[in-house]
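Structure record follows, encoded as C-alpha cells.
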2 protein chains.
Amino acid sequence: MADTLNERSQNILEAIVEDYIASAEPVGSRAISRKHNLNLSPASVRNVMADLEEMGLLCSPHTSSGRIPTRQGFQYYIDTLLEVRNLNRNEKQNLRNSYRFKNMRMEDIMQEVGRVLSGLSQYTGLVMAPKFISTVFRQIEFIRLSQRRLLVIYVSESGLVQNKVIEADPTLTAQDLEQVSNYLNSELNGLSIQEVRIKLKRELQEDRIRYDQLKKHALKLSSAALQDEVEDLLYVSGASLMLGQPEFSTPEQMRRLIKTFESKKILIELLDRGQSAQGVQIFIGSESSHIDLEGCSLITSNFSNQKGAIGTLGVIGPVRMNYSQVVPIVDFTAQLISRVLDREVEKK
Amino acid sequence: MADTLNERSQNILEAIVEDYIASAEPVGSRAISRKHNLNLSPASVRNVMADLEEMGLLCSPHTSSGRIPTRQGFQYYIDTLLEVRNLNRNEKQNLRNSYRFKNMRMEDIMQEVGRVLSGLSQYTGLVMAPKFISTVFRQIEFIRLSQRRLLVIYVSESGLVQNKVIEADPTLTAQDLEQVSNYLNSELNGLSIQEVRIKLKRELQEDRIRYDQLKKHALKLSSAALQDEVEDLLYVSGASLMLGQPEFSTPEQMRRLIKTFESKKILIELLDRGQSAQGVQIFIGSESSHIDLEGCSLITSNFSNQKGAIGTLGVIGPVRMNYSQVVPIVDFTAQLISRVLDREVEKK
DNA sequence: AATTAGCACTCACCATCATCGAGTGCTAAC
DNA sequence: GTTAGCACTCGATGATGGTGAGTGCTAATT
C-alpha cells in the first residue's frame with residue numbers, strides 16, 4: 001500500500017514531515033505550496049493531504065488545523081523518503097576531534113561518547129557498554145574483604161573493569177587466592193565469558209572424580225564470580241534536553257520521561273532489542289512498545305570490537321526528530337568507537 | 001534580633017511554617033487561628049503576622065493573600081523552632097530492614113542508600129562516596145592494556161574499587177608488574193592515600209641516589225597511579241520526585257533542576273562544604289549560593305569508617321521540605337552506613 | 001492596654017463571551 | 001486535472017465580570 005504512493009504524494013509527505021520536524025506545529029497546505037516549489041496550489045495540496053490522511057499517514061489535531069504526520073507517516077518517511085547523507089571528510093574529522101580518549105578508562109569513554117552524542121544532536125545520548133557475558137576474559141583477582149567475603153575484580157579484554165562480592169570459604173589463605181587467580185588467568189585467557197562458563201561447568205563435573213585441591217577452589221570461586229548476570233551499564237546524557245522539546249512540555253510528561261530515564265530498565269530493554277542487527281536502527285514511539293516512551297524515537301547502532309563484545313549507542317529524542325542529521329552521527333560514532341575499542345586492546 | 005521573638009510570635013511562625021510545608025500555599029490568619037488552638041482571633045494573628053513580615057520572616061505574594069515564610073523564616077524555624085524527634089525503635093528497625101547490603105559492592109550500597117533515602121523522603125536522595133584521597137590503601141594491581149598503556153586497579157580498605165589508565169614504560173614485563181604490585185601492596189598497606197602520596201614523594205627523592213630497579217619502577221608507577229584526583233562518585237536518586245513539587249512546576253524550572261542534577265558538579269561542591277562538620281547539616285535555598293538550586297534545601301550528614309574515610313549522604317528537596325521527618329532519617333542512615341562500612345572491613 | 005468584631009478593599013482565579021485568523025472541505029469555474 | 005472562491009471550524013487571545021479568601025484599619029469590647 002505504502003509503496004503505491006505516487007511521486008507527488010511522496011513529495012508532499014516529505015515536505016510535511018520536514019516542516020513538522022522543523023516547527024513542531026501542524027503544517028498547512030499554504031505553507032507547503034509556497035515553500036517547497038512544487039508549483040501546486042494550496043487546494044491541490046489539500047486534496048493530496050486528504051488522501052494521505054485517508055491512508056493513515058497524516059492526521060489533523062482538529063478539523064481546521066494543518067496536518068501532522070502519524071507514526072505511520074514517520075515510519076514511511078524513514079523507510080522510503082529519508083536520504084541519509086554521509087558525513088563529509090570535514091564533519092568526520094570534527095566528530096573525531098570531539099573525543100579525547102587518551103588514557104581514558106572504558107567507563108569514561110562510554111560517558112564521554114554519551115555526552116558528545118547528546119551535545120551534537122541536542123537530544124539525549126545513550127551508551128550501553130558491552131554485556132558482561134559477551135566480553136572476553138582477560139584477568140581476575142580476588143581480594144579478601146572480611147572473613148567470608150571476597151571481592152572479585154574482573155577485567156575484560158577491552159579494559160572494562162567489573163567487581164562483585166562473593167562469599168567464600170574462610171579457610172582460604174592469601175596464597176591460595178593468588179594461586180587460584182594465577183591458575184584462572186592462564187587458563188581462561190582469551191575466552192568469552194560465555195565460553196568460560198561452559199568450560200567451568202564441564203570441568204566442575206569432571207573434577208568430582210579427581211582431587212586437585214587448588215583446581216577445585218579455583219573452579220568454585222570463579223564459577224561463583226562469573227555466574228550471575230552483572231547489571232548492564234547504561235550511560236544517559238543530556239536528559240534535560242528532552243525537557244526542552246515541545247512534545248514533552250507538560251509537567252506530567254516531563255516527570256514520566258525523567259523517571260523512565262532514571263530507572264534505565266526500559267531503555268536497556270529497548271537497546272537490547274537492537275543488539276542482533278547491524279547498522280543504524282530506528283525505533284519509533286510506541287512501536288517501541290513502552291507507554292512511558294510514547295512520543296520518543298530511538299536511533300541506535302551497535303559497536304563491537306573484533307572479539308565480538310557488542311555494545312550499543314544511540315540518541316533518544318522526540319518522534320519529530322531530525323533523523324537526517326542524527327542518523328549519520330550515530331552511525332559514524334559507532335564505527336569510531338569500534339575502532340577505538342580495538343585500538344585499546346592492540347597487543348604487545 | 002531573631003531571638004527576641006516572644007512566645008506567641010514563635011508559635012504563630014511555627015504554625016505558619018508547618019502549614020506551608022504541608023500545603024505549599026500561602027497561609028491565612030483564619031486558618032492559623034482555627035487549626036492551632038492558640039485561642040486567638042484572626043485579627044490578633046494578623047497583627048503578629050504583620051510584625052513577622054516587618055522582621056523579614058514572612059512575606060505575602062500579593063496584597064491580599066496569606067503569608068509564606070521567607071528564607072529567613074525557614075532559617076529561624078530550623079534554628080530555633082524545629083524539634084527533631086528521634087526515631088523510635090520500630091522506625092529504626094524498619095529503616096534497617098529497608099536495606100539489603102548482603103554481598104553488595106560498595107557502589108551498590110551507595111546507590112541503594114540513595115534509593116532508600118529518596119523513597120522514604122519522597123525527595124531526591126544523594127550519596128557521595130568517600131573521596132579517593134581519604135580512603136585507605138588496601139591493594140593495587142596493574143594490567144597491561146596495550147604497549148604503552150596500563151590499567152591500574154586500586155582497592156580501598158572499605159572495598160571501593162577504582163581504576164585508571166596510565167602510560168608506562170613498554171619494556172616492563174608481566175613479571176615486573178607483578179613484583180611491583182607485590183612490593184607496593186606490602187609497603188603501602190593500611191596507609192591513607194594522602195599518607196601514601198607523602199611517602200612516595202619522599203622515597204622518590206631518596207631513590208635518586210640509590211639504584212634499585214624494582215623499587216624505582218614501583219615508585220614511578222604508583223605515583224602516576226595515585227597522583228591525580230579521581231572524579232567524585234555521586235549517586236542521585238529520585239530526581240523525578242522533585243518535578244512533582246509545586247515549586248518546580250514550570251518547564252523552565254524543571255529543566256534547570258534536572259540539568260543541575262545531571263551535571264553533578266554543583267551538588268558535589270555543595271556536599272563538599274559540609275564534609276568538615278559533624279551531624280546533620282541543613283543548607284537552605286540560595287544561601288547554598290547556587291542560582292540553579294534556588295528554592296532547594298539540602299539536608300546532609302557525613303558517614304565515615306573508623307579509618308576516617310568520609311562520605312556524605314543526604315536529601316535535596318524544596319525549601320518547603322518536611323524537615324522534622326527527613327532530618328532523623330538522614331541522621332540515622334548516616335550512622336547506619338558508618339557501621340556497615342566498618343563491618344565490611346572487619347578483619348580476619 | 002490588649003483583643004477582637006466589623007468593614008472596605010485587594011487581587012488571584014475562574015468562567016463567559018466575542019473576536020480573529022489560519023486552515024479546511026466542497027463546489028464550480030478554468 | 002487544477003484552482004479560485006467561499007462558508008465553515010475551532011483554537012488562541014483578550015476583555016469582562018463575579019467570587020472568595022485574605023488583608024489592613026478602626027472602633028468597640030474586655
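Note that this is a predicted model, so its numbers are computed, not measured. Quick note on labels: first sequence line is chain A, next is B, and so on, each numbered from 1.
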Exercise for the section: Take the protein atom CZ of Arg67(A) and the nucleotide atom C1' of dT24(C), then report the distance between them rounded to whole Å. Expected result: 7 Å
Exercise for the section: Starting at atom CG of Asn6(B), determine the distance to atom P of dA2(C), rounded to an integer number of angstrom. Expected result: 12 Å
Practice task
Compute whether any side-chain donor of one residue and acceptor of the other, for Asn6(A) and Ser9(A), lie under 3.5 angstrom apart.
Solution key: yes
Exercise for the section: Please check the phosphate of dT3(C) (OP1 and OP2 only) for any side-chain N or O of Arg46(B) closer than 4.0 Å. Expected result: no
Exercise for the section: Taking only Lys NZ, Arg NE, NH1 and NH2, and the carboxylate oxygens of Asp or Glu, determine whether Lys35(B) and Glu18(B) approach each other closer than 4.0 Å. Expected result: no
Practice task
Could you please spell out the steps behind the side-chain contact (heavy atoms from CB on, under 4.5 Å) verdict for Phe261(A) and Met242(A)?
Solution key: CA-CA 11 Å; Phe261(A) 285 177; Met242(A) 285 291 264; 3.9 Å; yes
Handout entry: Nearest-Å distance for atom pair OH/C1', residues Tyr20(A) and dG23(C)
Key = 16 Å
Exercise for the section: Would you please say whether a donor-acceptor pair under 3.5 Å links the side chains of Arg255(B) and Ser240(A)? Expected result: no
Completion exercise
Judged by nearest nucleotide, the residue sitting upstream toward the 5' end of DNA chain D, Asn39(A) or Met49(B), is Asn39(A)
Problem - side-chain contact (heavy atoms from CB on, under 4.5 Å) assessment of Val113(A) paired with Thr333(A) - result: CA-CA 8 Å; Val113(A) 169; Thr333(A) 303; 3.9 Å; yes
Handout entry: Those residues of residues 26-34 of chain A lying under 4.0 Å from DNA chain C by at least one heavy atom
Key = Gly28(A), Ser29(A)
Handout entry: First of Arg8(B) and Ala43(A) reached from the 5' end of DNA chain C, by closest nucleotide
Key = Arg8(B)
Exercise for the section: Determine the contact category for Ser44(B): base if any of its heavy atoms lies under 4.0 Å from a base atom, sugar-phosphate if only primed atoms, P, OP1 or OP2 are that close, otherwise nothing. Expected result: base
Scan nucleotides 8-11 of chain C against the protein and return all N/O pairs shorter than 3.5 Å with their distances rounded to 0.1 Å.
residue : atom : partner  : partner atom : Å
dT10(C) : O3'  : Thr63(B) : OG1          : 3.4
dT10(C) : O2   : Ser64(B) : OG           : 2.4
dC11(C) : OP1  : Thr63(B) : OG1          : 2.6
dC11(C) : O4'  : Ser64(B) : OG           : 3.2

Fill in the blank from the handout: Here the distance between atom P of dT2(D) and atom CG of Asn47(A), to the nearest Å, is 9 Å
Problem - Protein-nucleotide distance (Ile12(A), atom CD1; dT24(C), atom P), rounded to Å - result: 12 Å
Exercise for the section: Starting from P on dA12(C), measure out to CD1 on Ile68(B) and report it in whole angstrom. Expected result: 14 Å
Exercise for the section: Starting from the C-alpha separation in whole Å, work towards a yes-or-no answer on side-chain contact (heavy atoms from CB on, under 4.5 Å) for Glu269(A) and Lys265(A). Expected result: CA-CA 6 Å; Glu269(A) 270 174 39; Lys265(A) 195 165 143 270; 4.0 Å; yes
Practice task
Nearest whole angstrom, please: distance from the P of dT23(D) to the CG of Leu58(B).
Solution key: 11 Å
Exercise for the section: Output, in order, the C-alpha distance, side-chain angles, deciding distance and verdict of side chain to side chain donor-acceptor pair (under 3.5 Å) for Arg320(B) and Gln245(B). Expected result: CA-CA 10 Å; Arg320(B) 181 191 59 75; Gln245(B) 299 296 331; 2.8 Å; yes
Handout entry: Between P of dT2(D) and CG of Leu38(A), the distance in whole Å
Key = 12 Å
Handout entry: Shortest side-chain distance from Ser41(B), nucleotide among dA5(C), dG25(C), dT3(D)
Key = dA5(C)
Exercise for the section: Inspect the surroundings of NZ in Lys259(B) and state if more than 12 heavy atoms from other residues, nucleotides or ligands are less than 6.0 Å away. Expected result: no
Exercise for the section: Verify whether one side chain among Ser324(B) and Asn322(B) offers a donor that lies under 3.5 Å from an acceptor in the other. Expected result: yes
